[in-house]
Number of protein chains: 2
Amino acid sequence: MRVTFRRPDPRDPGRPVYVISVAASIVSVHPRTLRIYEDAGLVCPARTPTNIRLYSENDIRRVMWIRHLTQNLGVNLAGVRILFELEERLGTRILERLYDEGVRDAETAAAASADANPEPSASSA
Amino acid sequence: MRVTFRRPDPRDPGRPVYVISVAASIVSVHPRTLRIYEDAGLVCPARTPTNIRLYSENDIRRVMWIRHLTQNLGVNLAGVRILFELEERLGTRILERLYDEGVRDAETAAAASADANPEPSASSA
DNA sequence: CATACTTGACAACGGCATTGTCAAGTTTCT
DNA sequence: AGAAACTTGACAATGCCGTTGTCAAGTATG
């Protein structure tokens, strides 16, 4: 059974298009939680001139990683921040090492195909 | 003021020599806490033929990293485990990137000299 | 032989993560 | 025009986590 975080790519994954309620719905979290992630510095959605948050596909993927790390692996938000910082410093997608090699469970192993990878992106932070 | 985790090196940092009360005293934690770290798979001290734990210098350093990550950076134990696993997979001391570059605070910046680095070691796990 | 080790277990307490809700004001969309 | 959704800051409930503390019973050590 194939598990994937990937959603069909829009034209430009960096383009901010989703307001907070839509982004929350896409990743199945409460809008309040997305605000907390932003307060924690884990995701930085764009803002319109009237200060409305707009999330891009990259932001969505980043939140999906946060959810994977916190819900499935039990990492707290401080730990997620450190992991993201390491990834930025090393300039590589080190978190994929956790996902690609299916260390956690059979489900993540099943998701090892190329299009199954969630992609935390430093560029949105 | 210079801050360092490094203690004077014994002859062989891999040699298990400290019983749990001594190791706990060295790193200023409760022996109960060291047992919890072991249960969490974060550190694996050697055992004597009569099942007494013996910690090596490498184990001590590893615990010092755990303490730094949990106490100073707020990472929980699941997060520490993921960081250690990444380090093993990448085959490099990625956590030093956090420490060497003093991203956290002035104290860690002050400790940036070569002999100030704590060294998490995958070899003790 | 006192002390320290082992195991498994329960508990207190402060902190964390998520969700929920509120008020007041602004913006958006129908 | 007005309902709905957005913003901010704030407080709270609840379950979980991390650390320490303690216990019992048995074994090992100095």
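Every chain is numbered from 1 and lettered A, B, ... according to where its sequence line falls, protein lines coming before strand lines.
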Trainee: Contact class for A:Ile36 (heavy atom, under 4.0 Å): base, sugar-phosphate, or nothing?
Mentor: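 It contacts base atoms.
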
Trainee: Tell me whether the OP1 or OP2 atom of C:dC5 has a side-chain N or O from B:Ser21 closer than 4.0 Å.
Mentor: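 Answer yes for this pair, as a side-chain N or O of B:Ser21 is under 4.0 Å from OP1 or OP2.
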
Trainee: Under 4.0 Å: is that the gap between some side-chain N or O of A:Thr33 and OP1 or OP2 of C:dA17?
Mentor: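 Looking at the OP1 and OP2 atoms of C:dA17, neither is under 4.0 Å from any side-chain N or O of A:Thr33.
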
Trainee: Does B:Arg32 make a side-chain N or O approach to OP1 or OP2 of D:dT22 shorter than 4.0 Å?
Mentor: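 So the side-chain polar atoms of B:Arg32 never come under 4.0 Å of the phosphate oxygens OP1 or OP2 of D:dT22.
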
Trainee: Within 45 degrees of the ring normal and closer than 6.0 Å to the centroid, is that where the cationic atom of A:Arg62 sits relative to A:Phe84?
Mentor: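 Yes, a cation-pi geometry holds between A:Arg62 and A:Phe84.
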
Trainee: Base, sugar-phosphate, or nothing: which does B:Arg47 touch, judged by heavy atoms less than 4.0 Å apart?
Mentor: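 It contacts sugar-phosphate atoms only.
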
Trainee: Would you say C:dT18 has OP1 or OP2 under 4.0 Å from some side-chain N or O of A:Gln71?
Mentor: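 Yes, because at least one side-chain N or O of A:Gln71 sits under 4.0 Å from OP1 or OP2 of C:dT18.
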
Trainee: Does C:dT6 have OP1 or OP2 under 4.0 Å away from a side-chain N or O of B:Arg35?
Mentor: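 Indeed, a polar side-chain atom of B:Arg35 lies that close.
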
Trainee: Return the 5'-most residue of the pair A:Ile52, A:Val29 with respect to DNA chain C, ranking by each residue's nearest nucleotide.
Mentor: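 Nearest nucleotide further toward 5': that of A:Val29.
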
Trainee: Can you check whether B:Tyr37 has a side-chain N or O nearer than 4.0 Å to OP1 or OP2 of D:dT19?
Mentor: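 Answer yes for this pair, as a side-chain N or O of B:Tyr37 is under 4.0 Å from OP1 or OP2.
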
Trainee: Could you check how far CG of B:Leu34 sits from C1' of D:dG18, rounded to whole Å?
Mentor: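 Atom-to-atom, B:Leu34 to D:dG18, this comes out as 13 Å.
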
Trainee: Between B:Arg81 (CZ) and D:dG18 (C1'), how many Å, whole number?
Mentor: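 Taking atom C1' of D:dG18 as the reference, CZ of B:Arg81 is at 13 Å.
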
Trainee: Send over the distance from A:Asn76 CG to C:dT18 C1', rounded to a whole Å.
Mentor: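 Spelled out: CG on A:Asn76 to C1' on C:dT18 is 14 Å.
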
Trainee: Is any side-chain N or O of B:Thr70 closer than 4.0 Å to OP1 or OP2 of D:dT19?
Mentor: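 It does, given that an N or O in the side chain of B:Thr70 lies less than 4.0 Å from OP1 or OP2 of D:dT19.
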
Trainee: Just by distance, with hydrogens left out, do B:Tyr37 and B:Arg32 show a side-chain donor and acceptor under 3.5 Å apart?
Mentor: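 No - no donor-acceptor pair under 3.5 Å links their side chains.
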
Trainee: Rounded to the Å, how far apart are A:Asn51 CG and D:dA5 C1'?
Mentor: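 Taking CG of A:Asn51 and C1' of D:dA5, I get 14 Å after rounding.
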
Trainee: Treating A:Asn76 as the side-chain partner and B:Asn76 as the backbone partner, does any N or O pair qualify as donor plus acceptor under 3.5 Å?
Mentor: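 Side chain of A:Asn76 to backbone of B:Asn76, a donor-acceptor pair under 3.5 Å: yes, one is there.
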
Trainee: Figure out the CG/P separation between B:Leu69 and D:dC17, and round it to whole Å.
Mentor: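 The answer, rounded to whole Å, is 19 Å.
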
Trainee: If only atom types and distance count, is the side chain of B:Thr48 paired as donor or acceptor with the main-chain N or O of B:Ile52 below 3.5 Å?
Mentor: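 A pair under 3.5 Å: yes.
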
Trainee: Is it true that B:Glu38 and B:Arg53 make a salt bridge, defined as a side-chain N closer than 4.0 Å to a carboxylate O?
Mentor: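 B:Arg53 and B:Glu38: salt-bridged.
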
Trainee: When you match B:Leu77 and A:Ile20 each to their closest nucleotide on DNA chain D, which lands nearer the 5' end?
Mentor: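 Here A:Ile20 is the residue nearer the 5' end.
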
Trainee: Rounded to the nearest angstrom, tell me the gap between atom CD in A:Glu38 and atom C1' in D:dC6.
Mentor: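 From A:Glu38 CD to D:dC6 C1': 13 Å.
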
Trainee: Would you say a side-chain N or O of A:Arg53 is under 4.0 Å from OP1 or OP2 of D:dC6?
Mentor: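 So the side chain of A:Arg53 is outside the cut-off, no N or O lying under 4.0 Å from OP1 or OP2 of D:dC6.
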
Trainee: Measure the distance from CG on B:Asp39 to C1' on D:dG18 and round it to the nearest whole Å.
Mentor: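 Going from CG in B:Asp39 over to C1' in D:dG18 covers 13 Å.
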
Trainee: Does A:Arg15 have more than 12 heavy atoms from other residues, nucleotides or ligands lying within 6.0 Å of its CZ?
Mentor: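 No, CZ of A:Arg15 has 12 or fewer neighbouring heavy atoms, counting only those of other groups under 6.0 Å.
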
Trainee: Please give, in whole Å, the distance from D:dA12 C1' to A:His30 NE2?
Mentor: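 That distance rounds to 14 Å.
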
Trainee: Taking only the side-chain nitrogens and oxygens of A:Thr48, find out if one of them lies under 4.0 Å from OP1 or OP2 of C:dT27.
Mentor: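 Answer no for this pair, as no side-chain N or O of A:Thr48 is under 4.0 Å from OP1 or OP2.
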
